[in-house]
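Working notes, structure below.
Scope of the values below: all heavy atoms of this structure, side chains included, with no hydrogens, waters or symmetry mates. Worth saying up front: this structure is predicted, and the values here are computed from it rather than measured.
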Amino acid sequence: LQLTTAYCYEDNFARRERAEALAKKKGLSLAQVALKYVASQPCNAFVLVGTTSAKHFGENSVGGSKARL
């Protein structure tokens, strides 16, 4: 319930749609776009990745694609 009240807003849905469009344009997955965005921020941040398989980890990891946003 808390996730719903924290994230289910029109602004967030619009952000996701823009990220999906960028992913399609760049030939990336939505997860790759999200991870690359977080990793590109100027602050000292760490990207924590959780996945259901090693294959997905490799596909979605920040280093899994050389494409730039």
Side-chain angles (χ1 to χ4, degrees):
L1 180 65
Q2 291 177 350
L3 286 176
T4 302
T5 57
Y7 296 107
C8 290
Y9 291 99
E10 289 301 317
D11 289 346
N12 288 333
F13 294 126
R15 286 183 189 99
R16 181 185 171 105
E17 288 176 9
R18 289 193 305 270
E20 288 173 333
L22 180 61
K24 184 176 180 179
K25 178 181 175 183
K26 297 287 186 173
L28 301 170
S29 70
L30 184 57
Q32 286 173 322
V33 169
L35 290 169
K36 286 177 181 292
Y37 172 78
V38 171
S40 71
Q41 297 307 298
C43 62
N44 292 328
F46 297 92
V47 178
L48 301 177
V49 178
T51 184
T52 57
S53 72
K55 179 183 176 201
H56 288 155
F57 179 79
E59 290 172 350
N60 295 327
S61 67
V62 174
S65 170
K66 304 295 184 213
R68 295 185 53 129
L69 298 179

Original post:
When hydrophobic residues are tied together by side-chain contacts of less than 4.5 Å, even through go-betweens, does L35 share a cluster with Y37?
Top reply: yes

Subject >> Basic-acidic side-chain contact under 4.0 Å: E20, R16 >> reply: yes

**OP:** Give a yes or no on this: more than 12 heavy atoms of other residues, nucleotides or ligands lie within 6.0 Å of atom CD of E10.
**Re:** no

**OP:** Of all the heavy-atom pairs spanning L30 and A19, show the shortest one and how long it is.
**Re:** CD1-CB, 3.6 Å

Original post:
According to a 4.5 Å side-chain heavy-atom criterion applied to Ile, Leu, Val, Met, Phe, Trp and Tyr, with indirect links allowed, do F57 and V38 form part of one hydrophobic cluster?
Top reply: yes

Original post:
CG/L22 to CD/Q32 distance, rounded to the nearest 0.5 angstrom?
Top reply: 11.0 Å

